[in-house]
Amino acid sequence: MSEQSDPTSAGPDGRDEPGEAGDDASRLSTAPRTDAEREAAARRGSDPAGGDPAGAGSFGGIREPGLGGGLAWTWREAVGWARWIWRQLTSMRVALILLFLLALATVPGSLIPQENASPVAAAELREGNPTLASVYDRLQLFDVYSSVWFSAIYLLLFASLIGCILPRAWQFVGQLRGRPPRAPRRLDRMPAYTTWRTEAAPRDALVEAERLLGRSRFRVDGSAVPAAGAHATGGSVAAEKGYLREAGNLVFHVALVVMLIAFAAGALFRSEGGKLVTVGSGFTNTLTQYDDFSSGTLFDVDDLERFTFDLDEFHADFVREGPDLGSARDFRADITYWRDGDTEGTEASVRVNHPLHIGDAKVYLLGHGFAPRVTLVDGQGEVAFSGPVPFIPQDNALSSTGVVKVTDYVGPDGEPDQMAFQGFFNPTFALTAERGPHSTFPDPDFPALTLNAYHGNLGLDSGIPQNVYQLDTRYMEQLTDEDDEPLRINLLPGEEWELPDDRGTLTFEGFDRWATFQVSSSAGNGWALVGAVGAVAGLAASLLIQRRRVWVRATAGADGVTVVEMASLGRSESARVPEELAELAMALQPAAPMLHEPGDDRAEDDRPDDEDTADEDGPDDEDTADAAPDEDPTGPADDRPGTGPDAAKDRDPGPVPSGDGEGRPGTRSASGTGTAGPPPGGAAAAPDDATPGTATDPEAASGSRSEDVKE
Amino acid sequence: MLLAADAELADFGKLMIYTAMVVYALAFIAYITEWIFGSRSRVSRTATALTAGRAGRAGTGADGREATDGTDADLESDGTEDAGDAPRGPAVTVRKGGSAKVLDRPKVVTRSSTPSRDHLPDGPGASGGDGQGDLYGRVAISLTTLAFLLHFGGVITRAVAVGRAPWANMFEFSTAFSAVAVLGFLGFLAAGRKVRWIGLPLVTTVLLDLGLAVTVLHTETDQLPPALQSVWLWIHVGLAIVCGAMFYLGMVATVAFLFRDRYESKLASGGTPGRFASSVLERMPTSVSLDKFAYRINAAIFPLWTFTIIAGAIWAENAWGRYWGWDPKEVWSLITWLGYAAYLHARATAGWRGRKAAYLAIAAFVCFLINYYGVNLFANSLHSYSGV
Ligand code: HEM
């Protein structure tokens, strides 16, 4: 089993899920294992790895002769393997590896142009390097985020996640219903421990402790406090706090699942279309009106929100001086829209970052440009074309290119012909040798239209869809001057161009602005947001809240003096946990004042112990690790084979901890002040040897256990 | 476009940044001096503690009882040390009905997750306990504080001059970023953390970062493209800066952890590290402290980073009509996030704690850097607002 494969690297503390604890720990279990699990775990030593006696299955059991035996064997094997795989999949280690893999798998998509995000770059790569592209295609590298292998990783991760959440949620509910586990026998082995001697009666100290803990909003179990008047030598109080951590962790992981589902729903039901609208014209939200449209597989076109809008005006504001000359300051499209059944339009404006919500649809402003208005009178004196033609911006100064295609043209000879004009529209015209005609500023300060002219066949009837912004000149002939040089003309608004050979007149009437809009309807956004908020809240709770237990024990000693012991155990080590214990101990002082013993050196430094309680503030949290301590709520020393927490509960909490008086240096009896702790080393081994037969920390295991048995 | 007065203000802000750089450079020299003075002291507390551990083990071995209990014995010596050397908790004065009574606080004994190194004392800091070194250290901190005030003032001035969040291009982002990192550092110091050792690496990188900002990344741009005009610029980018700066501090501690951890392991296995390594690492906090410090930062910032990404998604939904489009910037913030999530999981997984988790944390921070520099400068991304 992976968790046990490397005992030495399991961390010096050895709290790392040794042996059978491994799987529990990886599931954050705090509940005792079921017998079935125990059994399975016990078998795991000889898990599928092989090397089993011949004839035995990987999961034990001899194959009985006959069909029944074979079937039973197969069934056992199948179930065993399925269970093994599930166990693997839901183990923390595999989750970690999958997370890591997912991060790696995400990388190529940011390096290789993706078909969805940057189709142009992808097409360029395909053209420039076909061999590489075919390899990429085979590996789905142009579509990383919907590729089989990427999906496999995240689906496995989410399977693992769900496999992780369910048992944990269930255990958590169990913990909420149960009582805080009773005080372990050896409190001095807990991560934080304190003790002192007092003249107060054990019961008084405990009652006060119970009250204190309750006031600090711990869940308190005072059932081991001796009843008033009872002749008990002592008792204990158990308390636990910080359940929100576990809850937060669960909420976080569940929220991840919610988000995934929301993403999936969003991808299946979304729709998104783009439309270029010239000022003065409008748009109706139906499929046919879109320039481009894409939608998820489950999207129903009838679900398109019904509305129309007109683009009344488009405002663009550019910086006119300084280092940012020409950069945009603001774009605003003023529109009037009508929803289904509206008689009166609603005015609204759409800006970048401020989409307009119309019903379920959102209208975004994506881009803008100019559309020169031209009129072409043909060879017969008829108007063959008139209207705005959107030109496409090529740079930030809105140098734009475009094509005017005229199909209904009749030549001077009376024969139908087709004409095309190709060229530039520059809002602030400039002409240089290197760049030719271009624009120097995005506002129309000196607008000019520069055109070549063609006639012939536009190739529109070939049935192959054509890009309206590009001209296919294969079947066309360029108009030339007497020297056979291509004709080119620069027009200012209002100017006319007499075409040669009585082919007619082209007039540059003026220009309009246009804007591109994206209309999208998305599904699942609300849920994605709920998931996201849940994830953050859950995370914060789970990383900032400490789950911890506190125990107080008071025992009457032989000399009539009461020994009070307090210990706390965080789900993970934390600076706040000992701090809190110290505060609780302080709060208990009035009820159980510390006995000053002779030889006590009161002059000692008042600083808080640096080594122990430094870093008090900061996130209340340490090592999220260690499920092990939790695992064994009743305390490490008790978890001998066959004694689950429950068994431990039935036992007598035991007298004064065994660490006492065993002649260790630095114990209470030695220093006599009641302040020196037990040897931290003794405590160090504590939660680790929780598990019998631990492979992890053999050092810690044997010694302390043999000692415990003495009790 | 700036008005003349605003342009003047912007220039003034830049001047503050330049001045801050000079003061950082002085602080840098002071930190170096502190380290140099500190090297005179021959502290070897780590080796002593480790040897004491070994001796303690051997000693109690004779005892018979402890012989079977290696770990216990190892720390036994520490128990002794604790009793002698560790101070009692603070005495707390409780007032009751006019009469004051001093209560003694019972001492709390704690253990960390790596008990074998638990008893190692933190290094004394760069000055190595040397009085003169310490003086220079204090000078360095004062200079850092002064430089920070100038630096921060420069950022604020910039914000006022351009009338928007001062992080809309890489120049601004970089200056704000290092200001927050220094603020974090000073904050930890003010909170009483023993992090003075971070001063030298931090000021070095701050100088580098500011140097890059005022040369390579510098741009006269003060405009905000319409796509950035949103409150989310404050929230999303502001948080990203805080996260990056804090993750950076975590990363420095993680790198230090790796060095220090190797040093301790070498000592523990009886080796002798090089003189330079000993001199420097001996003065650092223990691997346990460094690891804790780094973890706390990373764990506390991770939810914030999550929120940063979510805020970005909400913004993208407003600006571009989709909350997630696998844009390189989005991809790399996800990778960074997954990296830190892997780190947090690693800390909870057997056999992955310690060095392996540390490598993950460093990898995650490298992803953050790639996201910042790599994507801004080289990738064809909707997010390319570097201004360079
Ligand atoms: C999409 C995948 C996952 C992500 C992004 C993720 C993220 C995280 C994060 C950030 C934490 C730290 C918060 C905390 O300590 O409470 C965490 C904790 C945890 N995760 Fe996951 N997780 C994922 C999947 C899983 C899976 C599959 C498992 C089970 C095998 C799992 C088990 C745990 C456990 C047990 C903790 C608590 C550790 C502790 O409290 O010490 N997670 N997870």
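Below, chains carry the letters A, B, ... as their sequence lines are ordered, and counting in each starts from 1. If you're wondering where the values come from, they're calculated on a predicted model, not measured in any experiment. What's counted below: heavy atoms across the whole structure, side chains too, no hydrogens, waters or symmetry copies.
- If you measure heavy-atom distances from Gln114(A) to chain B, you find no contacts under 4.5 Å at all.
- Using a 4.5 Å cut-off between heavy atoms, Phe188(B) makes no contact with chain A at all.
- Heavy atoms closer than 4.5 Å to chain A are found in the side chain of Ile314(B), but not in its backbone.
- Interatomic distance, Trp305(B) CH2 to Leu539(A) CG, rounded to the nearest 0.5 Å: 14.0 Å.
- With rounding to the nearest 0.5 angstrom, the CD1 atom of Ile310(B) is 5.0 Å from the CE atom of Met259(A).
- Atoms CH2 and CG, on Trp315(B) and Asn353(A) in that order, are 6.5 Å from each other to the nearest 0.5 Å.
- Put simply, OH on Tyr323(B) and CG on Asn525(A) are 5.0 Å apart, with the number rounded to the nearest 0.5 Å.
- At a 4.5 Å heavy-atom cutoff, the contact between Val107(A) and chain B is made by backbone and side-chain atoms alike.
- Classification of the Phe252(A)-Trp337(B) ring pair by plane angle, with boundaries at 30° and 60°, yields tilted.
- Aromatic rings from Phe100(A) and Tyr343(B) are positioned such that their centres are separated by 6.0 Å or more.
- A distance of 9.0 Å separates CG in Leu102(A) from CD1 in Ile335(B), rounded to the nearest 0.5 Å.
- No donor-acceptor distance shorter than 3.5 angstrom exists from the side chain of Tyr145(A) to the backbone of Gly325(B), with no hydrogens or angles considered.
- Between Glu317(B) and Lys362(A) the shortest side-chain heavy-atom distance falls below 4.5 Å.
- With a 4.5 angstrom heavy-atom cutoff, Ala567(A) does not touch chain B via any of its atoms.
- Within the 4.5 angstrom heavy-atom criterion, only side-chain atoms of Leu529(A), from C-beta onward, approach chain B.
- Of the listed residues (Ala346(B), Ala313(B), Gly354(B)), the one with the most heavy-atom contacts under 4.5 Å to chain A is Ala346(B).
- Scanning both residues, Ser110(A) and Val331(B), for their nearest heavy atoms gives CB-CG1, 3.8 Å.
- Heavy atoms of Trp332(B) lying under 4.5 Å from chain A belong exclusively to its side chain.
- Neither the backbone nor the side chain of Ile309(B) has a heavy atom closer than 4.5 Å to any heavy atom of chain A.
- With a 4.5 angstrom heavy-atom cutoff, Thr106(A) touches chain B via backbone and side-chain atoms both.
- Once rounded to the nearest 0.5 Å, the distance linking NE2 of His345(B) with CG of Leu98(A) reads 11.0 Å.
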